[in-house]
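In what follows, a single structure is set out as structure tokens and then discussed.
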Protein chains: 2
Amino acid sequence: MPRVAKETKDRYAILGMLSHHELSGYDLRERIMNTIGFFWPDLKYSRIYPTLKKLEAEYLVSSKKVSDPDDKRPDKRIYKITAGGTDALEEWVSEPLDVTSSINMFSIMQELLLKIYLGGQVESEVSLQNIEKFKQYQRTSKKILEGFVDNLEPIIDSDPDHKYILQTIKMGLEVSKASMKWANNALKELGE
Amino acid sequence: MPRVAKETKDRYAILGMLSHHELSGYDLRERIMNTIGFFWPDLKYSRIYPTLKKLEAEYLVSSKKVSDPDDKRPDKRIYKITAGGTDALEEWVSEPLDVTSSINMFSIMQELLLKIYLGGQVESEVSLQNIEKFKQYQRTSKKILEGFVDNLEPIIDSDPDHKYILQTIKMGLEVSKASMKWANNALKELGE
DNA sequence: AAAACCATGTAAGCTGTTACATGATTTC
DNA sequence: GAAATCATGTAACAGCTTACATGGTTTT
């Protein structure tokens, strides 16, 4: 079996940022923190720089060295997305959301949010389909969680742990409901 | 500098499950998927078995081999939490939530939910404090996201990307609001 | 018969963090 | 004068996934 280079989300976070602006590794981190940072893991420099090199080796980005005109600040290496990089990014954004049952709700939300963030790169139909699939997932999720509640509530006092477990399920339900509310509104606002 | 063994969340997910029931590695995975699986990453066997061995080497869990009475199924190794393991778990659940700005909202929610799930292991005051800190974080988060919206809305038409970016912020806001609603209710229900 | 489940693990490789290294500039 | 920012990286280690290995049982 050939070891398949796993295409991780970080690659697409980086490609996605570069699809909006050309950036140095340093600026990339700033930008990620100030834009998608509220839902995306912090990317350390020790991952950013090697990943950029790898992306360049795959011709998905290109770079040029830029010196500060006043020669006060250190040189930068500015990365920009290539045509191939744009294609790879579009392909990823268009790939249906992975909602396999072994994947937790927060990972799914992260993937969805990054794809929505990059919605300008693809046909608007693609984003609407992503949201539709997400809504479907949340609907199923809500039903499962409601089943959990129905099973737990009659035996809530039989074990001191139960009331804590119930609270985690209730959080899941609130997040599901909020997600569906958001999805309906987003479908409307992006569908116009 | 001594390399500090980083205490990852998986350890506590495993210790936490074992604080409720004694389990084999195989059953551990089943249980994680069926309980905290909707918010917690799937744990592969290739991580579970070595982690259990490590926990045993640290005397946080102990194990015994159990054979199937009918000798039809393979032998199991059943793990149970030790007194030391219980202490370590309590300590972790009692540690204040990490809400550093470089940590995204979904990671924070995962940590909070696992600590709430294990609330039966500690004084109820601890869980209430965890929820209080979480609520505080979401309040701040909501304000920041509202600031983003205020900056973005006046220039929404100046770039086709803006309406997609706005949708991601709106999701953040819905999740923040749902979280705060949940927190208020949980404080009430667990505080009685 | 084939597929899925029960049960435990190892090996290889990629993912990601922490610490180290450097050095100028700018802010407190 | 100390601390933070700008800027790019490497080394060592820890986290985590995928594939491989084994072999019986149960379900389809």
Side-chain angles (χ1 to χ4, degrees), chain A residues 1-14 23-34 40-58 63-79 98 100-104 107 110, chain B residues 1-14 23-34 40-58 63-79 98 100-104 107 110:
Chain A
M1 278 300 102
R3 101 223 100 87
V4 179
K6 202 207 166 184
E7 299 185 351
T8 67
K9 290 179 206 157
D10 282 354
R11 293 165 66 87
Y12 296 107
I14 289 176
L23 293 166
S24 66
Y26 189 85
D27 295 335
L28 195 48
R29 186 177 183 224
E30 293 276 286
R31 218 152 230 289
I32 287 175
M33 288 200 298
N34 295 325
W40 201 261
D42 184 27
L43 270 160
K44 305 291 154 51
Y45 295 127
S46 54
R47 291 249 342 124
I48 288 175
Y49 292 115
T51 303
L52 282 169
K53 275 195 181 160
K54 221 170 151 191
L55 290 171
E56 191 166 29
E58 294 170 41
S63 75
K64 56 172 189 276
K65 226 172 96 182
V66 175
S67 301
D68 182 50
D70 307 328
D71 206 42
K72 296 217 165 169
R73 298 182 179 291
D75 290 355
K76 287 184 176 202
R77 181 163 288 275
I78 304 287
Y79 288 86
D98 187 355
T100 324
S101 67
S102 70
I103 299 182
N104 69 77
S107 302
Q110 283 181 339
Chain B
M1 275 310 95
R3 100 222 103 87
V4 178
K6 205 207 165 185
E7 299 185 352
T8 68
K9 290 178 205 158
D10 282 354
R11 293 165 67 86
Y12 296 107
I14 290 177
L23 293 166
S24 67
Y26 189 85
D27 295 335
L28 196 47
R29 186 176 183 224
E30 292 276 286
R31 217 150 231 289
I32 287 175
M33 289 200 297
N34 294 327
W40 201 261
D42 185 27
L43 269 160
K44 306 290 154 49
Y45 295 126
S46 54
R47 292 255 332 129
I48 288 176
Y49 292 115
T51 304
L52 282 169
K53 274 194 180 161
K54 222 171 148 188
L55 290 171
E56 190 166 31
E58 295 170 40
S63 75
K64 56 171 188 277
K65 226 171 95 182
V66 175
S67 301
D68 183 49
D70 306 329
D71 207 42
K72 297 217 166 169
R73 299 182 178 291
D75 290 355
K76 288 185 176 204
R77 181 163 287 275
I78 304 288
Y79 288 85
D98 187 354
T100 324
S101 67
S102 69
I103 299 182
N104 68 78
S107 303
Q110 283 180 338

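Just so you know, these numbers use all the heavy atoms, side chains as well, and skip hydrogens, waters and symmetry mates. Labels below follow one simple rule: chain letters A, B, ... track the order of the sequence lines, proteins then strands, and each chain is numbered from 1. No experiment lies behind these values; they were computed from the predicted model shown.
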Sugar-phosphate only, base, or nothing, as touched by Lys65(B) at under 4.0 Å among non-hydrogen atoms: nothing
Lys9(A) side-chain N/O to dG16(C) phosphate OP1/OP2 under 4.0 Å: no
pair Pro41(A)-Lys9(A): side-chain heavy atoms closer than 4.5 Å: no
Side chain to side chain donor-acceptor pair (under 3.5 Å) partners for Glu58(B), two or more places apart: Arg11(B)
dT17(C) OP1/OP2 closer than 4.0 Å to side-chain N/O of Lys44(A): yes
Results of side-chain contact (heavy atoms from CB on, under 4.5 Å) for Thr100(B) - residues two or more places apart only: Asp98(B), Ser102(B), Ile103(B)
Rounded interatomic separation in angstrom, taking CD1 from Ile103(B) and P from dT17(C): 10 Å
Between C1' of dC6(D) and CG of Leu23(A), the distance in whole Å: 15 Å
Shortest non-hydrogen separation from Tyr49(B) to Gly25(B) and the atoms involved: CE2-CA, 3.8 Å
Asp42(A) CG to dG16(C) C1', straight-line distance once rounded to whole Å: 11 Å
Euclidean distance, atom CG of residue Asn104(A) to atom P of dC16(D) [Å, nearest integer]: 12 Å
Angle of first-five versus last-five pair axes in the helix from dA1(C)-dT28(D) to dC28(C)-dG1(D), to 10 degrees: 50°
Polar pairs (N or O, both sides) under 3.5 Å between protein and nucleotides 8-12 of chain D?
unit_1, atom_1, unit_2, atom_2, d
dT8(D), OP1, Arg77(A), N, 2.8
dT8(D), OP2, Tyr26(A), N, 3.0
dT8(D), OP2, Tyr49(A), OH, 3.0
dT8(D), O5', Tyr49(A), OH, 3.4

Heavy-atom closest pair, residues Trp40(A) and Gln110(A): CZ3-O, 3.7 Å
Set of residues satisfying side chain to side chain donor-acceptor pair (under 3.5 Å) with respect to Asp27(A), sequence neighbours excluded: Ser24(A), Lys76(A)
Value in whole Å for how far the P atom of dA7(C) lies from CZ of Arg31(B): 14 Å
Atom-to-atom span, NZ of Lys54(B) to C1' of dC16(D) - whole angstrom: 12 Å
Atom pair distance, as rounded to whole Å: CZ in Arg47(B) and P in dC14(C): 18 Å
Min side-chain heavy-atom separation Leu55(A)-Ile14(A) under 4.5 Å: yes
Sequence neighbours excluded - salt bridge (charged side-chain N to carboxylate O under 4.0 Å, His left out) pairs with any residue from residues 41-50 of chain A: Arg29(A)-Asp42(A)
Pair Leu43(A)-Leu28(A), side-chain contact (heavy atoms from CB on, under 4.5 Å): steps then yes or no: CA-CA 9 Å; Leu43(A) 270 160; Leu28(A) 195 48; over 6 Å; no
N/O-N/O pairs, protein side and nucleotides 23-28 of chain C side, under 3.5 Å:
none

Residue list, side chain to side chain donor-acceptor pair (under 3.5 Å) with Lys64(A), at least two apart or on another chain: Glu22(A)
Integer-rounded Å distance: dT10(C) P and Ile48(B) CD1: 14 Å
Side chain to side chain donor-acceptor pair (under 3.5 Å) partners for Arg77(A), two or more places apart: Ser63(A)
